[in-house]
Student: 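Next up is a structure, given as structure tokens.
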Amino acid sequence: NMAAPSAPGPSQPREGLPALFIPRTAAEEQRVRLERLMRNPEKTVPIPEKLNEWAPRPPPEFVRDVMGSSAGAGSGEFHVYRHLRRREYQRQDFMDAMAEKQKLDEEFQKKLERNKMIAEEQTAKRRRKRQKLKEKKLQAKKNKLEQKKQEK
């Protein structure tokens with residue numbers, strides 16, 4: 001019950017196809033991917049969409065099976081409580097992280113605005129300086145022309 005010897009095995013390259021190439025570095029892997037893409041330039045390349053960020057499930061509107069604190073809590077009740085508690089802690093951590101991220105984003109935007117204002121002020125200052133020099137040169141040219149007219 002052995003396979004036919006004429007059938008190409010995984011170690012033998014098939015007709016028309018190159019031998020299996022295992023990339024050893026990231027550069028080689030990139031090259032192999034590019035070559036695969038460039039084999040058929042007309043084929044569309046799938047560009048993955050940005051994945052939505054993970055968000056916790058909202059807390060339940062109404063909790064139905066609540067056990068009393070005195071008696072009747074079964075052996076599985078603690079595990080239910082534990083899961084609810086873990087989910088709530090996870091939700092609170094997520095909300096804290098989102099608030100922190102929003103604060104950092106706002107700070108970054110303020111910093112960008114501040115840098116933009118400083119750059120605009122510098123540009124305006126330099127523009128004024130250039131205008132002043134230009135006017136000085138024009139005035140000097142006019143004075144020179146006046147002197148020449150007076151000499152004639």
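Note that the structure is a prediction, hence the values are computed from the model and not measured.
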Student: Enter the distance from Lys110:NZ to Glu113:CD here, rounded to the nearest 0.5 Å.
Tutor: 11.0 Å

Student: Got more than 12 heavy atoms from elsewhere within 6.0 Å of CZ, Phe108?
Tutor: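 Atom CZ in Phe108 is not packed in, count stays at 12 or less.
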
Student: Using a 4.5 Å cut-off on heavy atoms from C-beta on, say whether the side chain of Glu35 contacts that of Phe21.
Tutor: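 A side-chain contact under 4.5 Å is absent here.
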
Student: Measuring only between side-chain heavy atoms, which start at C-beta, is Lys137 closer than 4.5 Å to Lys141?
Tutor: no

Student: Atom OH of Tyr81 and atom CZ of Arg86: how far apart are they, to the nearest 0.5 Å?
Tutor: 13.5 Å

Student: Let me confirm one number: the CG-CE distance from Asn115 to Met117, rounded to the nearest 0.5 Å.
Tutor: 11.5 Å

Student: Other residues, nucleotides and ligands only: do more than 12 of their heavy atoms fall within 6.0 Å of CD on Glu107?
Tutor: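 It does: Glu107 CD has more than 12 such atoms within range.
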
Student: In plain terms, say whether Lys103 and Glu106 are close enough for a salt bridge, that is, a side-chain N and a carboxylate O under 4.0 Å apart.
Tutor: no

Student: If I take atom CD from residue Gln30 and atom CZ from residue Arg33, how far apart are they, to the nearest 0.5 angstrom?
Tutor: 6.5 Å

Student: Please determine whether the number of non-hydrogen atoms from other residues, nucleotides or ligands lying under 6.0 Å from atom CZ of Arg24 exceeds 12.
Tutor: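 Result for CZ/Arg24: open.
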
Student: Once you round to the nearest 0.5 Å, how far does OG1 of Thr25 lie from CZ of Arg31?
Tutor: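 These two atoms lie 8.5 Å from each other.
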
Student: Is Leu138 linked to Leu145 within one hydrophobic cluster, defined over Ile, Leu, Val, Met, Phe, Trp and Tyr using a side-chain heavy-atom separation of less than 4.5 Å?
Tutor: no

Student: Is the number of heavy atoms from other residues, nucleotides or ligands under 6.0 Å of Phe94 CZ greater than 12?
Tutor: yes

Student: Side chains of Gln109 and Leu112: does their closest heavy-atom pair fall under 4.5 Å?
Tutor: yes

Student: How close do Arg91 and Arg57 get, heavy atom to heavy atom, and via which atoms?
Tutor: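 Looks like CD-O, 3.9 Å.
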
Student: Step through the shown structure and confirm whether more than 12 heavy atoms of other residues, nucleotides or ligands are within 6.0 Å of CZ on Arg85.
Tutor: yes

Student: Please determine, by modelled atom types, if Glu88 and Gln92 share a side-chain donor-acceptor pair under 3.5 angstrom.
Tutor: yes

Student: Which value, rounded to the nearest 0.5 Å, describes the distance between Thr123 atom OG1 and Arg128 atom CZ?
Tutor: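 If we round to the nearest 0.5 Å, Thr123:OG1 and Arg128:CZ are 10.5 Å apart.
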
Student: Does any non-hydrogen side-chain atom of Arg126 lie less than 4.5 Å from one of Arg130?
Tutor: yes

